[in-house]
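Have a look at the structure below, then the notes.
Side-chain atoms are counted along with the backbone in the values below, which use heavy atoms only and exclude waters and symmetry mates. Convention: sequence-line order gives letters A, B, ...; per-chain numbering from 1.
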Number of protein chains: 2
Amino acid sequence: MVRTKDPAVRALLIERTAQLLRAREPVTLRAIVAGTGVSTMAVYTYFDGMNGLWQATRQEGFTRLTARLGAVTLSADPVRDLAALGAAYLSNALANPDLYRVMFDVGFELEDPAAADGTLDCLLRAVERAKDIGRFRSDVDALALATQSWAVGHGLVSLVATGPLPRQALDHGAPMLTALFIGCGDDPDTCRRSVRLGWHLEP
Amino acid sequence: MVRTKDPAVRALLIERTAQLLRAREPVTLRAIVAGTGVSTMAVYTYFDGMNGLWQATRQEGFTRLTARLGAVTLSADPVRDLAALGAAYLSNALANPDLYRVMFDVGFELEDPAAADGTLDCLLRAVERAKDIGRFRSDVDALALATQSWAVGHGLVSLVATGPLPRQALDHGAPMLTALFIGCGDDPDTCRRSVRLGWHLEP
DNA sequence: CGTCTAAACATAGCATTGCTATGTAATGTG
DNA sequence: CACATTACATAGCAATGCTATGTTTAGACG
């Protein structure tokens with residue numbers, strides 16, 4: 001057992017796939033390896049075929065998303081942070097809409113099923129902090145609210161990026177989150193201010 | 001100018017495509033025409049290729065969705081109706097998840113761009129009725145609220161049907177819509193009751 | 001009614017796709 | 001240093017969407 005795979009090649013192929021996706025060029029086996037110097041067989045030794053490559057690409061999308069959410073600078077106002085996380089989610093999805101679409105394509109299961117959980121975790125922690133400082137009622141189901149916030153973001157960005165709604169529709173995110181948070185006990189005026197602060201951080 | 005296309009063939013091919021989608025079999029040109037008696041050229045005379053067939057299939061999905069929403073029996077309680085429309089939306093998407101995915105696939109534009117508007121119209125009318133009878137404040141932007149309700153439904157069903165959330169997550173729809181409607185001025189207790197009534201009509 | 005014509009339709013074959021079979025080169029191990 | 005095992009390259013296969021070409025059919029017109 002001797003020759004070992006080069007992780008750099010693996011990353012290269014995934015990056016090249018994301019690049020083709022971004023350029024809206026057809027993602028074919030031969031197009032991927034073109035220019036990389038490696039042969040088509042590399043896709044099979046590293047990913048066991050195109051399916052595996054799609055799988056890995058999907059995983060990479062979630063990894064980038066989680067990194068993006070983790071990079072959001074947290075403040076003393078967890079409700080603001082929640083809105084900021086939502087805005088970062090939308091921003092990430094719109095920055096690479098094609099990668100985003102692959103992420104939510106079935107047929108390619110994730111290598112690490114917990115990757116998607118990373119997205120929820122960021123939201124979950126913010127919700128729990130909001131409960132801790134008394135912004136949300138103590139009987140609020142943190143996981144439920146985190147999931148609902150995710151659904152708001154995903155629904156909007158999905159209808160805009162791959163659906164029939166204009167980009168302007170993303171502005172609905174703020175009032176939707178506000179309604180959600182007020183329903184969890186936050187003071188309406190305070191909530192509106194927090195969401196406004198967090199929501200408009202991203203372009 | 002003489003021989004005219006047979007609309008039945010057109011419908012047949014679309015139906016066969018939806019059927020392959022439902023059976024999770026690969027939707028290939030030859031698989032579509034197999035068993036129909038027509039040749040592969042039919043796809044080109046009727047749809048100008050596979051792209052056109054996907055386009056038409058996407059359109060068919062929206063048509064069915066709008067029909068499904070239109071079949072929801074309305075009541076004197078427009079807030080209940082809104083929840084019922086949301087439940088019907090989820091029910092329709094889960095009944096044919098593959099057709100639903102095609103509907104929100106870019107790359108295939110709709111033949112009739114107004115088809116997606118039909119979905120919104122049903123919601124819009126319910127919102128306006130709710131305003132008329134004073135359940136929602138008069139300054140509520142009906143189109144905005146309809147869009148937001150759509151985003152809630154789409155976000156949830158999308159995360160469940162083609163994403164990482166379990167089917168159980170659909171239950172979040174009721175509290176999310178409730179929060180939205182209360183934010184529009186509906187009385188909390190009345191709203192909860194209305195949403196509960198409408199939401200649980202569909203399986 | 002007969003004829004002509006344009007469209008619907010069938011058949012065959014093309015380039016490209018993902019994939020596999022086969023052969024070669026390279027590298028860690030003993 | 002030899003060897004075994006894996007990475008990697010090349011060639012070719014079945015299947016895909018599509019097109020070129022020929023045939024059939026249905027409506028318009030005298």
Task: Strand-adjacent residues in residues 15-23 of chain A, judged by heavy atoms under 4.0 Å from DNA chain D - done: none
TODO: Take atom CH2 of A:W54 and atom P of C:dG18, then tell me their distance rounded to the nearest Å.
DONE: 9 Å
Open item on the list: Other residues, nucleotides and ligands only: do more than 12 of their heavy atoms fall within 6.0 Å of CG on B:D48?
Closed with: no
- [ ] Without swapping roles, check the side chain of B:Y46 against the backbone of B:M41 for a donor-acceptor pair under 3.5 Å.
- [x] no
- [ ] Could you state the atom-to-atom distance from CZ of B:R10 to C1' of C:dC9 in whole Å?
- [x] 18 Å
What donor-acceptor contacts under 3.5 angstrom involve side-chain atoms of residues 118-128 of chain A, with partners at least two apart or in another chain?
none

Open item on the list: In whole Å, I'd like the distance from the CZ atom of A:F47 to the P atom of D:dA7.
Closed with: 13 Å
- [ ] Give me the ring orientation class for B:Y89 and B:W150: parallel if the planes are under 30° apart, tilted from 30 to 60°, perpendicular past 60°.
- [x] perpendicular
Task: Derivation and outcome, side chain to side chain contact (heavy atoms under 4.5 Å, CB included), residues B:R10 and B:F47 - done: CA-CA 8 Å; B:R10 194 188 141 91; B:F47 302 100; 3.5 Å; yes
TODO: Could you check B:R80 against B:V195 for side chain to side chain contact (heavy atoms under 4.5 Å, CB included), going step by step and ending with a plain yes or no?
DONE: CA-CA 5 Å; B:R80 184 218 77 120; B:V195 169; over 6 Å; no
Task: For atom CG of A:D6 and atom C1' of C:dT27, their distance in whole Å - done: 13 Å
- [ ] Answer yes or no: is there a donor N or O on one side and an acceptor on the other, between the side chain of B:S194 and the main chain of B:T190, under 3.5 Å?
- [x] yes
Under 3.5 Å, N/O pairs linking protein and nucleotides 17-21 of chain D:
from   : atom 1 : to    : atom 2 : distance (Å)
D:dG17 : OP1    : B:L29 : N      : 3.0
D:dG17 : OP2    : B:L29 : N      : 2.5
D:dG17 : N7     : B:R30 : NH1    : 2.9
D:dG17 : O6     : B:R30 : NH2    : 3.1
D:dC18 : OP2    : B:Y44 : OH     : 2.9
D:dC18 : OP2    : B:M50 : N      : 2.8
D:dC18 : O5'    : B:Y44 : OH     : 2.9

Open item on the list: With a 4.0 Å cut-off on N to O distance, would you call A:R129 and A:D81 a salt bridge?
Closed with: yes
